[in-house]
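Read the structure below first, then the notes.
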Amino acid sequence: MSFPLLTATAVLPALGAIATAAVPATKRTAAKWLALLVSIATLALAVVVAVRFDPGGDRYQLTESHAWIADFGVRYELGVDGIGVALIALTALLIPFIILAGWHDADPSPSSQLRSSGGGPKEAGTEPLTSIAEGRWRPTQGFFALILAVEAMVIISFEATDVFLFYIFFEAMLIPLYFLIGGFGDRAHQDGEQAAATQRSYAAVKFLLYNLAGGLVMLAAVIGLYVVAGNFSLTEIAEARANGSLEMSTSTERWLFLGFFLAFAVKAPMWPLHTWLPNAMQESTAPVAVLITAVVDKVGTFAMLRFCLQLFPEASKWATPVIMVLAVISIIYGALLAVGQRDIKRLIAYASISHFGFIIMGIFAMTSQGQSGATLYMVNHGISTAVLLLVAGFLISRRGSRLIADYGGVQKVAPVLAGTFLIGGLATLSLPGLAPFVSEFLVLVGTFTRYPVIGVIATFGIVLAALYTLVLYQRTMTGPLRPELAKMPDLRVREIAVAAPLIVLLVFLGVYPKPVTDIVNPAVKQTMSDVQQKDPQPEVEAAK
């Protein structure tokens, strides 16, 4: 029996989460190092998965299949294609940087150490178990355990080839995220501790309700799929659809498609189902905000490729015109709202909504360039957003404010911080030479060939991206130095260790994206075959 590599890649962070949560309360530093080491070990396993994956081999590789709930046709089935391999690698890569960036985010706040009878500071680790929502007790072990739990659930979502197994973890990851948003919110809040707790609770509940609502609709579609197909195996159902042994009426396929797509559109997030994201990112710590938008939200766009297009090809083509319109609305709407934001993290949240519009547009352009670009965009957006948002978190933690108006002239006292922030911003606006440019170019090329009007409108999102990014940098980093920022420290060694490798990766993939495209292109060709689409041939005038 071969080593269950995919299971190990998902189980390791899950076991790490349990071990981290079990570390004694007085051993915060030990809990941090344990979580970091587990995340690095998971990254090593993800590298092994990528190395062992053969782009020219079978569609799903490193497969595992075991009986689970036999009476209902549920199996524990795992397998990865090139798209899954790329996103597993992205997830495993970002988690160590998220943990490093959040090294002190769950340490006790100053107020929690002023509760001894004499009013003096208490010994670290001895504060009472008061309400997490009040922000006075921040269990370090719980914070890092929840991050590892999310990593485990995201990875197995990228691996699952049983629809029911995917659904379980698609929904289960909401629980640790709910506690990360509501229990470990951003300390940079101008409205007082009680107001901050209220807004964190609101953001966490809104996040949970939106995603649970989408998940419930998907559950009905999953049950409907089982009634029609008699099992939950993605590969078996897709094969039966392809050879004609599984008959599904047009109306049934369309309803099932809508049930799946709605849940994925909420997770993605796509307009008009996006409104939970700005609240969640604003009230989360910067590392948790990165976890949401750079890691978890990719499950939604990944699932559109793996499940919507593969299981419901005709319905996918039927819905494409409407989805393309919604995607381009997301691009322009998100960019326009980003331009008008006064809060740094809300600006980045709306920018992400715009970027997800590009990803969805690339997926449903039904061209190989569009889908390759969309997959590459998922990877590049994860890295660029991580750089920008984590450095923004370092900036906010120094000033204690998320408001753009509270900054100015930062580059005079913190040039390294300003420089890394600029690179993250330039990547966000897809500057040539940085990774997102390649993916955005492919998406636009793939869209132009089939939907030229949509492609033209989407290009305005690039112009708006340049506007909100450069205005953000100008207002925070340039101009006269505000007196209260005169003693702001530059990036520390730990913070440079977070930003520098990601910036190197942005540059590397910007000039040489071949390692990723070589892995994902075969999977994209198979997806195009699923929906029976071929790239439009360019029209060439006959020589006179």
Side-chain angles (χ1 to χ4, degrees), residues 59-60 81-84 161 163 166-167 170 214 217-218 220-222 224-225 228-229 232-244 246-271 273 298-330 356-375 377-378 443 446-447 449-451 454-455 458 520 523-536:
R59 180 172 192 171
Y60 293 107
D81 59 2
I83 298 169
T161 55
V163 177
F166 169 84
Y167 173 78
F170 180 82
V217 175
M218 181 182 170
V222 168
L225 181 64
V228 173
F232 293 105
S233 174
L234 172 67
T235 53
E236 291 182 13
I237 296 173
E239 183 179 353
R241 292 298 311 275
N243 61 29
L246 173 61
E247 295 184 1
M248 188 182 301
S249 69
T250 300
S251 60
T252 298
E253 180 176 348
R254 291 178 179 180
W255 280 112
L256 293 179
F257 167 85
L258 290 175
F260 277 78
F261 180 80
L262 180 65
F264 303 151
V266 172
K267 185 86 78 179
M270 186 179 74
W271 184 91
L273 306 172
K298 300 300 186 301
V299 177
T301 47
F302 163 81
M304 292 178 188
L305 279 165
R306 171 166 281 190
F307 295 100
C308 287
L309 269 61
Q310 192 171 346
L311 292 176
F312 315 111
E314 294 303 320
S316 297
K317 290 186 285 187
W318 163 74
T320 287
V322 174
I323 294 173
M324 293 294 285
V325 171
L326 294 177
V328 80
I329 291 175
S330 294
F356 274 101
F358 278 106
I359 295 171
I360 296 170
M361 185 176 74
I363 291 172
F364 284 90
M366 300 294 183
T367 60
S368 57
Q369 300 98 328
Q371 292 186 358
S372 293
T375 304
Y377 211 133
M378 294 185 218
V443 166
T447 303
T449 57
R450 200 179 292 277
Y451 299 98
I454 294 292
V520 304
V524 166
K525 290 180 180 178
Q526 290 166 329
T527 303
M528 290 284 291
S529 177
D530 291 335
V531 292
Q532 299 179 350
Q533 292 280 20
K534 295 181 179 180
D535 291 329

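Values below: all heavy atoms of this structure, side chains included; hydrogens, waters and symmetry mates excluded.
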Lys525 atom NZ, neighbour heavy-atom count above 12 within 6.0 Å |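 Count not over threshold, so no.
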
Show me the donor-acceptor pairs, under 3.5 Å and distance only, between side chains in residues 254-269 and residues at least two apart or in other chains.
unit_1 : atom_1 : unit_2 : atom_2 : d
Lys267 : NZ     : Phe170 : O      : 3.2

Is the closest side-chain heavy-atom distance between [X] and [Y] below 4.5 Å?
X	Y	value
Leu225	Val163	yes
Thr250	Glu314	no
Gln369	Val524	no
Ile237	Phe232	no
Glu239	Ser233	no
Arg306	Ile83	no
Thr161	Glu236	no
Thr527	Gln310	no

Those residues that, when tested against Ser372, pass side-chain hydrogen bond (donor to acceptor under 3.5 Å, both in side chains) (two or more places apart) |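 side-chain hydrogen bond (donor to acceptor under 3.5 Å, both in side chains) check on Ser372 returns Asn521.
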
Ser529: what forms a side-chain hydrogen bond (donor to acceptor under 3.5 Å, both in side chains) with it, not counting sequence neighbours?
->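 None.
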
From CA spacing to verdict: side-chain contact (heavy atoms from CB on, under 4.5 Å), Met361, Val325 = CA-CA 9 Å; Met361 185 176 74; Val325 171; over 6 Å; no

Interatomic distance, [X] atom [atom1] to [Y] atom [atom2] [nearest 0.5 angstrom]:
X	Y	atom1	atom2	result
Gln371	Gln526	CD	CD	12.0 Å
Thr320	Phe364	OG1	CZ	6.0 Å
Ile360	Met270	CD1	CE	5.0 Å
Trp271	Ile329	CH2	CD1	4.5 Å
Ile363	Met324	CD1	CE	10.5 Å
Thr375	Ile359	OG1	CD1	9.0 Å

Closest non-hydrogen atom pair, [X] against [Y]:
X	Y	result
Cys308	Ser316	O-OG, 3.0 Å
Phe358	Val443	O-CG1, 3.4 Å
Gly357	Ser330	CA-CB, 4.0 Å
Thr301	Phe356	CG2-CD2, 3.9 Å

Is any side-chain N of the basic residue among Asp530 and Arg59 closer than 4.0 Å to the acidic one's carboxylate O?
->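 Arg59 and Asp530: salt-bridged.
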
Can you check whether Phe307 and Phe166 have ring centres sitting under 6.0 Å from each other?
->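 That pair passes the under 6.0 Å test.
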
